[in-house]
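As structure tokens, the structure follows; a few thoughts come after it.
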Amino acid sequence: MVQLLTERFYLRETAEVARRLLGACLVHETPEGLTAGRIVETEAYLYKGDPACHASRGRTERNAVMFGPPGHAYVYFVYGMHHCFNVVTMPEGIGEAVLIRALEPLDGIALMEKRRGTRELRNLCSGPGKLVQALGLSREQNGFPLTTGPLTISSHKSFGGAGKFEVEVTKRIGINVGADLPLRFAVKGNRFVSR
DNA sequence: GACCAGATTGTCT
DNA sequence: GACAATCTGGTCA
């Protein structure tokens, strides 16, 4: 049983959303086909007291979507060649989001292999830049609502919400400022988590 | 396995 | 002009 997450889900505190997104299913439908994965690793980025957050230095053209309504996709470009996929949280105007860092491939694996240029299952979605490529995302999807297709996030009732796995909380990865904050959440022991 | 360098460009100072 | 919420492919072990 699958249930589409509504805007209400994304209105809670950002770290809470990050934790609850673990086990949920990210789905992208394109003309090429459908790809989907189970979220196994996330990071929260806070407006307040978090220098690593793009929104921490105020609103700009690039981060405008973060200040928009919750439940929308914030996709941005880094390191001259990669994109990262985030979900906007909190009420409009705040500027917080959850970075999706890793997925466990579920559907459309052949298509993911083609997009990624590898047949190694573990290497398809085990990192922010990788999952974006595997799902065929780009800045075209920046600002897309996740509450209606073709890009959505659903909770899997069969995963049983909480009890089914242990959540590991650690420091965030790959940042220079605000690196000490315990805002990274991952499914403990899952082999598709990055690094 | 661990560690390191290089790729490459949008965005902000 | 500096730097970035990363990945890949190289070397060495």
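Heavy-atom basis, side chains included; hydrogens, waters and symmetry copies ignored. Convention: sequence-line order gives letters A, B, ...; per-chain numbering from 1.
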Problem - Single-linkage hydrophobic cluster, 4.5 Å side-chain cutoff, A:V193 and A:I175 together - result: no

Exercise for the section: Using atom CG of A:L46 as one end and atom C1' of C:dA5 as the other, report the distance to the nearest whole Å. Expected result: 13 Å

Practice task
Check whether the ring centres of A:H83 and A:Y76 lie less than 6.0 Å apart, and answer yes or no.
Solution key: no

Practice task
Could you tell me the separation between the OH atom of A:Y74 and the CD atom of A:E96, rounded to the nearest 0.5 Å?
Solution key: 13.5 Å

Fill in the blank from the handout: A:Y45 atom OH is separated from C:dA4 atom P, nearest whole Å, by 12 Å

Handout entry: Touch class at under 4.0 angstrom, heavy-atom based, for A:R116 against every strand present
Key = sugar-phosphate

Practice task
Specify the separation, in whole Å, of atom NE2 of A:H54 and atom C1' of C:dA4.
Solution key: 7 Å

Taking only nitrogen or oxygen atoms into account, show me every contact under 3.5 Å that the protein makes with nucleotides 4-8 of chain B, one pair per line with its distance.
unit_1: B:dT8; atom_1: O2; unit_2: A:Y79; atom_2: O; d: 2.7

Completion exercise
When rounded to whole Å, the CZ to P distance for the pair A:F185 and C:dA5 reads 19 Å

Handout entry: Pairing string, 5' to 3', for DNA chain B - Watson-Crick or wobble contacts under 3.5 Å, brackets [ ] where pairs cross, | to another strand
Key = |||||||.||||.

Handout entry: Residue whose closest nucleotide on DNA chain C lies nearer the 5' end, A:A52 versus A:Q133
Key = A:A52

Problem - Charged tip of A:R101 within 45° of A:F85 ring normal and under 6.0 Å - result: no

Practice task
Consider only side-chain N and O atoms of A:T147 and A:E7, and report whether a donor and an acceptor are under 3.5 Å apart.
Solution key: no

Exercise for the section: Decide, yes or no, whether a salt bridge links A:K188 with A:E168 under the criterion of side-chain N to carboxylate O below 4.0 Å. Expected result: no

Handout entry: Whole-Å gap separating P (B:dT9) and OH (A:Y76)
Key = 18 Å

Problem - Rounded distance in Å - CZ (A:F85) to P (C:dT6) - result: 16 Å

Exercise for the section: Please check the phosphate of C:dT6 (OP1 and OP2 only) for any side-chain N or O of A:R101 closer than 4.0 Å. Expected result: yes

Practice task
Taking all non-hydrogen atoms of both residues into account, name the closest pair between A:L103 and A:F192 and its distance.
Solution key: O-CB, 3.6 Å

Exercise for the section: Please answer whether the main-chain N or O of A:V187 pairs with a side-chain N or O of A:N190 as donor and acceptor at a distance below 3.5 Å. Expected result: no

Just the atom pairs and distances: protein N or O near nucleotides 10-13 of chain B's N or O, under 3.5 Å.
unit_1: B:dG10; atom_1: O3'; unit_2: A:R139; atom_2: NH1; d: 3.3
unit_1: B:dT11; atom_1: OP1; unit_2: A:R139; atom_2: NH1; d: 3.4
unit_1: B:dC12; atom_1: OP1; unit_2: A:T60; atom_2: OG1; d: 2.3

Handout entry: Atom pair distance, as rounded to whole Å: NE2 in A:H83 and C1' in C:dA4
Key = 14 Å

Handout entry: Ionic contact status for A:E43 with A:R172, cut-off 4.0 Å
Key = no

Practice task
Inspect the contact between A:K114 and A:E32 and indicate whether a charged nitrogen and a carboxylate oxygen are less than 4.0 angstrom apart.
Solution key: yes

Handout entry: C:dA4 phosphate, OP1 or OP2, under 4.0 Å from A:N176 side-chain N/O
Key = yes

Practice task
Using atom CD of A:E96 as one end and atom C1' of C:dA5 as the other, report the distance to the nearest whole Å.
Solution key: 15 Å

Problem - A:Q141 versus A:A73, closest heavy-atom pair with distance - result: O-CB, 3.6 Å

Practice task
State plainly whether one hydrophobic cluster holds both A:L99 and A:M90, where clusters connect Ile, Leu, Val, Met, Phe, Trp and Tyr through side-chain heavy atoms under 4.5 angstrom apart.
Solution key: no

